[in-house]
Structure formats: structure tokens, C-alpha cells
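Worksheet: one structure, shown below.
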Amino acid sequence: MKASSLFFPTLREVPAEAEIISHQLLLRAGFIRKTSAGVYSYLPLAVRVLQKIENIVREEMDRAGSQELLMPIIQPKELWEKSGRWSVYGDEMFRLTDRHNRGFSLGPTHEEIITTLVDAEVHSYRDLPLLLYQIQNKYRDEIRPRFGLMRGREFIMKDLYSFDQDYEGLDLSYQKMYAAYRAIYTRMKLNFRVVEADSGAIGGNESHEYMVLADSGECTILYCESCDYAANVEKAECLMPEESVAEEELKPVSKISTPGMHTIQDLVNGLGIPEHKQVKTLMYIADDNLLAVILRGDRELNEIKLKNYLNCNNLFMADEATVREICGAGFGSLGPRGLKIPIYVDLEVTRMRNFSCGANEDGYHYINVNLGRDFTAEAIIDLRNAVEGDACPVCSAPLHALRGIEVGHIFKLGTKYSDALNACYRTANGEERPMVMGCYGIGISRTMAAAVEQNNDNDGIIWPMPIAPYHVIVIPVNAKKEEQLRAAEDIYEKLKARDIEVILDDRDERAGVKFKDADLIGIPVKITVGPKSLQENQVEVKKRWSETTELVAIDSVVDTVYAIIRGEM
RNA sequence: CGGGGUGUAGCGCAGCUUGGUAGCGCGUCUGGUUUGGGACCAGAAAGUCGCAGGUUCGAAUCCUGUCACCCCGACCA
């Protein structure tokens, strides 16, 4: 491709709307343009990257024994009513109505369609396992789209669904996908980790997420260096801590005056009570039932753990009016002593002695409160977010924390959808049984953004070779100089003949402009054809990720580039 | 939806407090000089000041409403 006819409108300045680096660079380098919040056009360079990502995904999916198909984006309401999700999915689903007033959704996911399809066409154990996938746009009316492609309302996703005879079959399909996903991100040369995840609203009992590591990631992951444990913070288990070294004697409770002190920090500052000698009390409403949660003062509640334990549909923090009605004090003065609602206590609190808490009376706290003596727990369970330094639940070594971007997620679904949509098959002895399903997603467009997030410098993007829009850019320093342009064109043609994807920057621009653009759009290899080296029949070859430029004889430049692309140099 | 912020030329911004009919840098176009890391000179085009009402002799500026976008929180590939 010649740069003079390539559509890549680059920007010198950072658009004000972009906050994170991948969003800024994809805009500046002319890869994407916004149409509305969370909805983007992909320009030619982006399309090439997306196609490369898709092709790696396709190859690995096909290798794992699955087949590609394509399902409709517009999905009839009746299917969603059958699965029960028309009412459950909520505002995140785009809904529309046709001229006959029939309801449809823009597909946020495809369990309903594929299960219906497979139910209609697959009836025998002989046809299983069946793994089907597609790559297409998905629609989710996110509460808050953000960070460019990172959280869009329209995005490109690969979604695969597995159908097996039984749970052993599902385990096998799951393992295949687990391995295929590792292969995919490894081939893209992304720095990623696989973490245990909560399976959330989709249902099912086992789930892993594939996280590209980046400081801007929206997820916190905890991992162990002594063993291979890694989990999303939502999932990471906290062990019962060791008994404290010197066990304190229980002291009598006393009520102290704490006027104007509402936060844990107020008590630290005002009375010198350290955070780990305080508990915080949170009041929640779970499907209309009030409850309280007790955590050590410096910990955060993990709502997912609470929700999973309670097995409830809706969980909200109680509002201050409700809190006041129940215990006669505001948020800052809550405490477990004397509370008349079920109290769920985090494991760690069982190791605390003589702690302080709100007295359920504005302006007062208790000190020397103890679990068991002063209040009783409805349940003692793991409720807090794990943090860096916590013991690994597998080997007890201290955990480390990192930020990650979730680019893939695999789930075991079980029979949730095959039951709801009646997708059954006949076993060898004629029994009818529901198929056992799994689903497996990759955010294709998000992966592109994540790759940029992880591979950039002050000059722009540094595409990993396997997903770069072009491998090489050839720049004649001065395209008006006949011999430079001719030499550059010659190299360009020879590279193309070797199936190397190459841009010839034949634009009548100053060298600086062309260098800046080449760096910005992140082409991995740059060949500069300049007057000095040309006299020696040489050109300059520079890798985007390296500081050094090397002089290469024109005769061998194609071989050199070929070796760089194959990762041999 | 709650909290915060922003809408003025393709991009980045000033002007708004104190109303007087729109400006700067970059980009674009023309001509010339340049040509190894976002050149220089001269000239030019380009704006319903987000939209709708209102106040006023007069509104980018004041008031009301509304829309869009961005950031923080609850969601997820």
C-alpha cells in the first residue's frame, strides 16, 4: 500500500475526549473515530489489525475442533422470554420494535439463538460434542461506556458455545478452550494471565478470565509467585488468618463519646485507635431482607461474595433513612452490638479482640467489643476483598496484585439454557437428556485496545508483529529525489513479492513528518532510504521497539526484514 | 441513575466574570523557498459560538429548559 492513497488521518494533538493511552493513540494514529458514546468506526489500519486478531482466533478455534457460523444480530423477543432473560437482562439490552409491533433485541450475547438452533437440528449423542462460534458485533447498552474501545456499546466479539452429553464432556470442551485461549494471547505476544473468575449472572460453576496486564486495566487480579494461583479480586478467596500471637484478655465493653466522628479514619486521628482495632458495619438489603456485614476497619466488602453466599437476586446498600430507622443512628455510628438484624461476619473479625465499633447512637462508639460475647453472628464467612500480601489460598505465600484488562472469559454453563430452551439429545440407550453447555468469549476490539495499552511509547503505538496492520514501512527521505524513490519502490516491490505487508511512504512530505507518522501508527519495521547510505547501496533498518538503527545492504534487506518478521532477529 | 466537568472553524484552545456582533495555534487550500525527526514566507477558505426559548436597542457572554460528550461510582468481552 502506498501511503499517498492510504486513509489514515493522523492527529498531532491529543483529542480532549480521550483519557487513556490506547484511546488517545488509536484516535491520533487514525485507527478509529467516534460516532457516539461507545460506538466507533474502524478505519483501514484498524480493520487490518482486527482481521489479524480474528484470524489468529479462527485458527485456534478451528484447531480446537470448533466450527464458525454466523447468527443474527436482531433477535426475537420470544426467545428471550423463553429463557426468562427478556425481563432479567435489564436496560443493558438494546430493544427495538418492528412495524408490526413485535419486540426484538440487538444481540448482547447468543445463548438463546444458538441453543434454539442446536435444539432444532441436533438430536443424537452421535452429534456431540458440538462446538460452534461466530465473530460479530455485539450490542450492550452499557451504563457507562468508556475508554474508547475498552468498554463500547457496540463491539466485536468472538463467542463460542459448546454442547456436550455430560459434565465430563463439558470438562473436556472447557479444557480445549482454556488451552486455545492461552495459545491465542501467546501468539499475539500479549503479556497476560489467566485468573479464576466469578461466573456472575451467566450462571454456571467454573470460570476463568484472560487478563492483559496493564495499569489502566479495570480489574484487579491477585496472583501467587510460589504456585500458579491467580484470581480476579472478585473471586480471590481469603483464608482464615492465623491466630494473633499474643492473645489479649477480653476487656469490659465501654461506651465512649465520639462527637463528630463518623469514619474509621476519624477514630484513628481522634482517638488513636488503629484501623485493625476497629470494625466497620455495613447495612444491606438483599431481596427485601435487611442484614448487616461486619469487616475489619481497613477492609472492603466484596459484594459478590456476599451475594453468592446469600444466593439473592438483588443486593443494595441500605439508605441512611432505613439505617436510622433500624438502629437509631446514621452510617458513621453503626455497630453490631444490640443490632436486631442478621449479622454476617468476615472471617478475619473472629481473630480480633477488644475492638471498637459504632454504638448505634449518634456521637458514641463502643470500645473493647468482642464477637460472641457482645453480639452473635448469623454466619462467619469470607466477605472481604483480598489485597496484596494476603496469604495465597493454595500455598499460603503472600499474594501480589496487578491490574488487568479482561479480554477473554470462559464459563461452564451446565444445563441452564438447555433446560430453559429444552435442548435435549438421545443417549445410546434412548434416554432423553439435556445438553451440557459452555460459553467462551473474546473481546476482539477490546483486545486491539489492550494490545496498544501494553505496547506503546512516547512516539506512539508499537504493534506486536503478529497483529501489526503492516509489517514494514519504507520511507524515502525525499520522495522527490528520483534515485531515492526508485530504490524505495524497488524494495517495496520485492517485499510484496515475499508476501510481506508493506507501506511505501511516497508522500511529498518532509522526512520528519513521515518518521513521526510511522512511529505513531506503530509499524514494527522501518526502512529508511536516504541519500548517504544509498551511495553505499545500503538502507537503514530500524525496529520500532529498538533504539538502534542498522545499515543493511540493499541486496539483503528483504532477507533481513523477513528474519525480523519471523522473530529471528 | 447519583456526583463532577465540557460544548466556540477539521484538532487543541482563548474570549464569558464586567453584553457591543468572534480570535489564537495546528491542520486545510494557493504561490514561492525548503527537504534526515511534525519547515519557512506570503496569501486564502472555513464558525447556525451544541440546540430551543427568554431578558435586552443589542447575547458566545445573563436567565430557563434541553441535548450531546468526558471523568468518578454500580456492569462486563
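Chain identifiers are assigned alphabetically (A, B, ...) following the order of the sequence lines, protein sequences preceding nucleic acid strands; residue numbering begins at 1 within each chain. What you are looking at is a predicted structure, and each value in this text was computed from that prediction instead of being measured.
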What is the distance, rounded to the nearest whole Å, between atom [atom1] of [X] and atom [atom2] of [N]?
| X | N | atom1 | atom2 | answer |
| --- | --- | --- | --- | --- |
| A:Tyr161 | B:rA77 | OH | C1' | 11 Å |
| A:Glu17 | B:rG50 | CD | P | 17 Å |
| A:Glu13 | B:rG27 | CD | P | 10 Å |
| A:Met211 | B:rC76 | CE | P | 13 Å |
| A:Leu534 | B:rU35 | CG | P | 18 Å |
| A:Lys516 | B:rC26 | NZ | P | 17 Å |

Stacked pair A:Phe155-B:rA77, distance under 5.5 Å, angle under 30°: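 Yes; centroid distance and tilt both under limits.
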
Any strand: nucleotide that pairs with [N] via Watson-Crick or wobble, under 3.5 Å:
| N | result |
| --- | --- |
| B:rC24 | B:rG12 |
| B:rU48 | none |
| B:rC29 | B:rG43 |
| B:rG7 | B:rC67 |
| B:rU35 | none |
| B:rU56 | none |
| B:rG73 | B:rC1 |

Side-chain donor-acceptor contact under 3.5 Å, A:Asp198 with A:Asn308: yes

Side-chain donor-acceptor contact under 3.5 Å, A:Glu111 with A:Thr109: yes

Donor-acceptor pair present, [X] side chain and [N] base, under 3.5 Å:
| X | N | answer |
| --- | --- | --- |
| A:Arg151 | B:rC75 | yes |
| A:Asn478 | B:rG36 | no |
| A:Glu540 | B:rG36 | yes |
| A:Glu509 | B:rG38 | no |
| A:Arg28 | B:rG12 | no |
| A:Asp519 | B:rG37 | yes |
| A:Lys481 | B:rG36 | no |

Any carboxylate oxygen within less than 4.0 angstrom of a Lys/Arg side-chain nitrogen, looking at [X] and [Y]?
| X | Y | answer |
| --- | --- | --- |
| A:Arg486 | A:Glu483 | no |
| A:Asp298 | A:Lys280 | no |
| A:Glu275 | A:Arg299 | no |
| A:Arg384 | A:Glu300 | no |
| A:Arg544 | A:Asp459 | no |

Residue-phosphate contact under 4.0 Å: A:Arg446 side-chain N/O, B:rC76 OP1/OP2: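 No, no such contact exists.
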
Under 4.0 angstrom between A:Arg12 side-chain N/O and B:rG38 OP1 or OP2: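 For B:rG38, OP1/OP2 do not have a side-chain N/O of A:Arg12 under 4.0 Å.
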
C1' spacing across the pair B:rG27 / B:rG47, given as an integer number of angstrom: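 The same atom, C1', in both gives a distance of 16 Å.
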
Can you check nucleotides 1-6 of chain B for protein contacts, nitrogen or oxygen pairs under 3.5 Å, and list what you find?
none

Where at least one partner belongs to residues 146-158 of chain A, residue pairs that pass salt bridge (charged side-chain N to carboxylate O under 4.0 Å, His left out), sequence neighbours excluded: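 Output for this query lists A:Asp141-A:Arg153, A:Glu142-A:Arg151, A:Arg146-A:Glu218, A:Arg151-A:Glu218.
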
